[in-house]
Amino acid sequence: MDLITMGQAAQQAAFELATASTAQKNKALLIIADELEANAETILAANAKDLTAAEAAGIPAAMLDRLMLNTERLQGIADDVRNVVALPDPVGEELDGRILENGMKLVRRRVPLGVVGVIYEARPNVTIDIAALCLKTGNASILRGGKETFHSNMALVAVIQTALEKAALPMASVQYISRPDRELVSQLLKMDQYVDMIIPRGGAGLHQMCKENSTIPVIIGGFGISHIYVDKSADLPRALDVVDNSKTQRPSACNALDTLLVDRAVAAEFLPLLTSRMNEKSVTLVATEEAFGLLEGKADTLRLAEAGDFDTEWLSFTLGIKLVDGVEEAVTHMREHNASHSDAVLTNDIGVAERFVNAAGSAAVYVNASTRFTDGAQFGLGAEVAVSTQKLHARGPMGLTELTSYKWVGQADYLIRS
């Protein structure tokens, strides 16, 4: 597999996609959605092969959940693609228009990034998400999924290639690195002559490797310890529902709750309620010694917190618990333990809410809502290419506008500078 040739083809495709009409791009997306439904049996059979191999290899349950496709999930992916079709095309949008004193009309106009390289692990839905968002924004993409998703991704890429051909768009608009060799990833990270941005989607190790080895700008995201702080003013029964949803609705997701911080003033009342609810869901509670004393004897799965537990993104039915004195101590704990993704405060005190929102350094911050809402579809962005936790260019769920840059366009009447 010649990555240089692939990069050259992607760059040429990006040149053509940059001037493709919205109608043409939408046509390709609609065909992708239709082909996903038409080829559901083939895609699910390919995914079953990946699941069987992953189970035999002892892949953790959280990764198996991310890997697994079923009829409902596949239909959801197709629906997300159609949602992208319904969204406005950001390419060509003009920003910050003004007339200068010399008579020149100056605007910033949204343009595609160019070629986007995406490296991801056991998430076959990412293949379609990336392709859809990149096509809508006129970007070519080079994808490299994990070996665990090989058969699934091959089936999904076949769907994409069929759609590109039917829509008369370049076949190199979406390319897939099918060989699992790690040296190909290293080579991709150095292809700054052809690739304009790298987006890793996976664990902290993948992100660190991309940061350290890429000569291409890297969007960092997807990892971060998610916290909820339960304030002494919170409506505790309703707060319990939010905590439950944040932890158990889909624990393998990167926006699932990892650490619960509870105000000491309400801990004796709230933690027994929490223990009872979490025991029903078979959630392991990992508590500090102080919190452990309020939980002991109430849960079948309970242990004392150890060094590193509050720096762990659980991705499973495990929840860390710590008691704090108010919002300031909660925020201090969060700053010390990588609160960069999705964090929430449950409170009926507007002052506490504002302090939390302003002080939390997270990409997404919630007041009286589940952390599970950090998602491109939930935010009305259609599918998402990633959740960025860095502070430059894009932050939070990356939708269409985050896959664009801009150029300055000046218009005048044969104006010269004096």
Side-chain angles (χ1 to χ4, degrees), residues 58-66 202-208 222-230 239-240 242-264 266-268 270-346 356 360-363 370-372 374 389:
I59 297 296
M63 188 171 287
L64 287 175
D65 181 63
R66 292 185 176 192
L206 172 63
H207 288 263
Q208 190 64 29
F223 173 80
I225 309 303
S226 291
H227 303 76
I228 286 181
Y229 165 57
V230 179
L240 181 62
V242 175
V243 172
D244 185 358
N245 180 263
S246 298
K247 179 70 259 181
T248 69
Q249 196 259 348
R250 191 173 180 186
S252 65
C254 57
N255 55 17
L257 178 63
D258 298 302
T259 298
L260 181 67
L261 304 172
V262 181
D263 195 303
R264 285 186 175 88
V266 293
F270 185 70
L271 290 185
L273 298 174
L274 175 76
T275 307
S276 178
R277 178 74 66 89
M278 293 297 99
N279 196 42
E280 294 173 3
K281 305 290 182 72
S282 298
V283 175
T284 297
L285 302 179
V286 178
T288 60
E289 186 172 356
E290 183 182 13
F292 189 93
L294 297 172
L295 298 169
E296 191 171 8
K298 301 178 187 299
D300 295 331
T301 51
L302 177 66
R303 70 171 175 83
L304 279 170
E306 301 172 353
D309 280 341
F310 290 112
D311 296 304
T312 301
E313 186 180 23
W314 297 111
L315 303 176
S316 65
F317 284 96
T318 304
L319 177 63
I321 302 174
K322 180 180 179 179
L323 306 189
V324 294
D325 280 327
V327 65
E328 297 299 335
E329 188 176 339
V331 169
T332 298
H333 173 94
M334 290 164 57
R335 288 174 178 166
E336 294 172 352
H337 297 279
N338 194 18
S340 57
H341 197 293
S342 302
D343 298 280
V345 57
L346 305 179
F356 185 92
S362 323
S370 170
T371 59
R372 287 284 291 120
T374 309
T389 55

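Considering all non-hydrogen atoms of both residues, L294 and L323 come closest at CD1-CD1, 4.1 Å. Heavy-atom minimum distance, M334 versus A360: CE-CB, 4.0 Å. Taking each heavy atom of A305 and V286 in turn, the nearest pair found is CA-CG1, 3.5 Å. The minimum heavy-atom distance between S362 and A339, with the atom names listed, is OG-O, 3.6 Å. Among all heavy-atom pairs drawn from L240 and L273, the shortest one is CD2-O, 3.9 Å. What you find for G224 and S340 is that their closest heavy atoms are CA-OG, 3.7 Å.
Taken from NE2 in H333 to CD1 in I225, the straight-line distance is 9.0 Å, to the nearest 0.5 Å. Distance CD/Q249 to OG1/T371: 9.5 Å, rounded to 0.5 Å. The NE2 atom of H337 sits 10.5 Å away from atom OG1 of T332, with the distance rounded to the nearest 0.5 Å. Interatomic distance, CG of D258 versus NZ of K247, reported as 5.5 Å (0.5 Å rounding). Atom CG of residue L260 and atom NZ of residue K322 lie 12.5 Å apart, to the nearest 0.5 angstrom. Between the OG atom in S276 and the NZ atom in K281 there is a gap of 11.0 Å [rounded to 0.5 Å].
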For this session: Evaluate the side-chain contact (heavy atoms from CB on, under 4.5 Å) criterion for residues R264 and E329: first the C-alpha distance (whole Å), next the side-chain angles of each, then the deciding distance (0.1 Å), finally the verdict.
Result: CA-CA 11 Å; R264 285 186 175 88; E329 188 176 339; 3.7 Å; yes
For this session: Go through S252 and D65 one step at a time and tell me if the side-chain hydrogen bond (donor to acceptor under 3.5 Å, both in side chains) criterion holds.
Result: CA-CA 7 Å; S252 65; D65 181 63; 2.5 Å; yes
Exercise. Is there a side-chain contact (heavy atoms from CB on, under 4.5 Å) between T318 and T312 once you walk through the steps?
Worked result: CA-CA 10 Å; T318 304; T312 301; over 6 Å; no
For this session: Give the intermediate values and the outcome of side-chain contact (heavy atoms from CB on, under 4.5 Å) for residues T288 and F310.
Result: CA-CA 10 Å; T288 60; F310 290 112; 3.7 Å; yes
For this session: With side-chain contact (heavy atoms from CB on, under 4.5 Å) as the test, would you mind laying out the steps for W314 and D309 before giving the verdict?
Result: CA-CA 9 Å; W314 297 111; D309 280 341; 3.6 Å; yes
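A 4.5 Å side-chain heavy-atom check between I321 and L274 finds at least one atom pair inside the cut-off. Side-chain contact between S316 and P251: absent, with no pair of heavy atoms (C-beta onward) separated by less than 4.5 Å. A heavy-atom distance below 4.5 Å is not found between the side chains of E313 and H341. Contact of the M278 side chain with the D244 side chain is registered, since non-hydrogen atoms from C-beta on lie closer than 4.5 Å.
Aromatic ring pairs are classed by plane angle as parallel below 30°, tilted from 30° to 60° and perpendicular above 60°; the pair F356 and Y229 is parallel.
Residues T374 and N255 bring no donor and acceptor atom of their side chains to less than 3.5 Å of each other.
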